[in-house]
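The structure appears right after this line, and notes come after that.
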There are 2 protein chains.
Amino acid sequence: MPKQDYFKNLLKANGLKVTNQRIAILEVLEDRPGEHLTAEEIYGLVKEKYPEIGLATVYRTIQMLSELEVIDKLNLDDGFVRYEIGNRGKEGSHHHHHLICLNCHSVFTFEDDLLEVLEERIQNSLGFRVVDHEVKLYGYCKNCSEHDYEESR
Amino acid sequence: MPKQDYFKNLLKANGLKVTNQRIAILEVLEDRPGEHLTAEEIYGLVKEKYPEIGLATVYRTIQMLSELEVIDKLNLDDGFVRYEIGNRGKEGSHHHHHLICLNCHSVFTFEDDLLEVLEERIQNSLGFRVVDHEVKLYGYCKNCSEHDYEESR
DNA sequence: GTATGTGCAAAGAATTTGCACCCGA
DNA sequence: TCGGGTGCAAATTCTTTGCACATAC
């Protein structure tokens, strides 16, 4: 398990301790790449393997994971902050964009480096140096566009 | 005041009443284009002209304004939902993008239609029809890039 | 052994809601 | 008149925090 070793080293490098709770939370997130989990959802899933865990530990750990850039924060404007495992260190660490269906509320991801052109323009015209971005595109997914989108209103 | 008439007609067209509170809230937002106000900030500003207003009315009104697409919702991940007056009905109703400085936390806006190319690609490759988007670019503004960015950490 | 981490419960903070009264159409 | 709108306070909901105990190193 290379990712876990990476994580353990990352913890040690930052003077943090490797605990069962932290490993359990990481495992839950690792098992669900591409999913966008809320703290409560992560809590529920971790409880299956580690029933004694507290919700506060989950909050504290995901905050730490986010600061260490192991996971990405995501806000779908439904009142929950969501998290997904990142792919730092792997091949092209392209940030993906999120496509959110306004009808069925499913979330798709889309990789594209068009943003780099935009970021260069901004650098040149405004002197603003972009280091990260979040792109959310709202619309109707293929399925909902084809069938009417009247169902889940 | 053309925008206010538009708003009054919009209310009537939706079977909603024109109240002093609603007008006062709209005026506050109209007076501050380009600003990103929280509910609490709007509340404070409206109170100057209309001291009896309640916070709940502000929440109810901005929610309504958002649904009527008179204002845009914006989340800068600081724990507050923010709102700004939109420019529907006016010339090119280009959505602008937000540039967020990670050092001084100022927010700049940037207009660009590069996203339309991206949206077309998505339409063609995934069949996902995009109707709206939100783009946030994080980085360091010109001023903070030039001087070190150590101040407001 | 000691500083860091954890679980619990309580506190906080943003937003929503119930309800009696008010007011625009 | 009368149904929608408002103000207030209470309720909800997500998240953070204080503290005593537990545990990694």
Side-chain angles (χ1 to χ4, degrees), chain A residues 4-5 7-28 36-68 70-71 73-83, chain B residues 4-5 7-28 36-68 70-71 73-83:
Chain A
Q4 271 202 25
D5 289 345
F7 177 54
K8 289 181 184 174
N9 290 332
L10 192 62
L11 288 177
K12 286 172 191 163
N14 286 75
L16 300 165
K17 289 180 180 171
V18 177
T19 65
N20 294 329
Q21 289 91 331
R22 288 174 176 172
I23 298 297
I25 290 168
L26 182 70
E27 279 178 354
V28 160
H36 312 98
L37 302 167
T38 65
E40 205 78 40
E41 284 166 353
I42 294 167
Y43 177 58
L45 290 164
V46 176
K47 271 198 121 142
E48 292 173 9
K49 285 191 175 178
Y50 203 106
E52 324 88 279
I53 202 164
L55 182 55
T57 300
V58 173
Y59 273 103
R60 284 186 282 235
T61 303
I62 57 186
Q63 189 174 304
M64 181 207 72
L65 288 169
S66 186
E67 276 160 18
L68 294 175
V70 174
I71 59 177
K73 215 174 174 176
L74 179 69
N75 198 314
L76 299 181
D77 299 313
D78 59 354
F80 298 86
V81 178
R82 291 163 183 282
Y83 297 88
Chain B
Q4 271 201 27
D5 288 345
F7 176 53
K8 288 181 183 174
N9 290 332
L10 192 62
L11 288 176
K12 287 172 190 163
N14 286 77
L16 300 164
K17 289 180 180 170
V18 177
T19 65
N20 293 329
Q21 290 90 332
R22 287 173 178 173
I23 298 296
I25 290 168
L26 182 69
E27 279 178 354
V28 161
H36 312 97
L37 303 168
T38 65
E40 205 77 42
E41 284 166 353
I42 295 167
Y43 177 57
L45 291 164
V46 176
K47 271 198 123 142
E48 294 174 9
K49 284 191 176 179
Y50 203 105
E52 325 87 280
I53 203 164
L55 182 55
T57 300
V58 173
Y59 273 104
R60 282 186 282 235
T61 302
I62 57 186
Q63 189 173 305
M64 182 206 70
L65 288 169
S66 186
E67 276 161 17
L68 294 176
V70 174
I71 59 177
K73 214 174 174 177
L74 179 69
N75 198 313
L76 300 182
D77 299 314
D78 58 355
F80 299 85
V81 177
R82 291 164 183 281
Y83 297 88

Taking the side chain of [X] as its heavy atoms from C-beta onward, which of [options] lies nearest to it?
{"X": "N20(A)", "options": "dT15(D), dT16(C), dA24(D)", "answer": "dA24(D)"}
{"X": "Y59(A)", "options": "dG7(D), dT16(D), dA14(C)", "answer": "dT16(D)"}
{"X": "R60(A)", "options": "dC19(D), dT15(D), dT17(C)", "answer": "dC19(D)"}
{"X": "L55(A)", "options": "dT6(C), dT6(D), dT15(D)", "answer": "dT15(D)"}
{"X": "Y50(B)", "options": "dG7(D), dT6(C), dT15(D)", "answer": "dG7(D)"}

Between V18(B) and E40(B), the residue closer to the 5' end of DNA chain C by nearest nucleotide is E40(B)

For K17(A) and for G54(A), find the nucleotide of DNA chain C with the closest heavy atom, then tell me which residue's nucleotide is more 5'.
-> K17(A)

Write down the distance between [atom1] ([X]) and [atom2] ([N]), rounded to a whole number of angstrom.
{"X": "K12(B)", "N": "dG4(D)", "atom1": "NZ", "atom2": "C1'", "result": "16 Å"}
{"X": "M64(A)", "N": "dT15(D)", "atom1": "CE", "atom2": "C1'", "result": "17 Å"}
{"X": "E52(B)", "N": "dG5(D)", "atom1": "CD", "atom2": "P", "result": "19 Å"}
{"X": "Q63(A)", "N": "dT6(C)", "atom1": "CD", "atom2": "C1'", "result": "15 Å"}
{"X": "D78(A)", "N": "dT16(C)", "atom1": "CG", "atom2": "P", "result": "13 Å"}
{"X": "N75(A)", "N": "dT15(C)", "atom1": "CG", "atom2": "P", "result": "12 Å"}
{"X": "Q21(A)", "N": "dC8(C)", "atom1": "CD", "atom2": "P", "result": "11 Å"}
{"X": "L76(B)", "N": "dA14(C)", "atom1": "CG", "atom2": "C1'", "result": "16 Å"}

Does R22(A) have a side-chain nitrogen or oxygen under 4.0 Å from the phosphate oxygens OP1 or OP2 of dA24(D)?
-> no

Is any side-chain nitrogen or oxygen of T19(A) closer than 4.0 Å to OP1 or OP2 of dA24(D)?
-> no

What is the nucleic acid contact for G79(A), judged by heavy atoms within less than 4.0 Å: base, sugar-phosphate only, or nothing?
-> sugar-phosphate

For residues K17(A) and L11(A), report the shortest heavy-atom separation together with the two atoms involved.
-> O-CD1, 3.8 Å

So, for L55(A) and Y43(A), which heavy atoms are closest and what is the spacing to 0.1 Å?
-> N-CE1, 3.3 Å

Measure from the side-chain N and O atoms of N14(B) to the backbone N and O of L16(B), and report whether any donor-acceptor pair falls under 3.5 Å.
-> no

Step by step, work out the side-chain contact (heavy atoms from CB on, under 4.5 Å) result for T57(A) and V46(A).
-> CA-CA 11 Å; T57(A) 300; V46(A) 176; over 6 Å; no

Interatomic distance, CZ@R22(A) vs CE@M64(A), rounded to 0.5 Å, equals 5.0 Å

5'-most by nearest nucleotide on DNA chain D - G15(B) or T57(B) = G15(B)

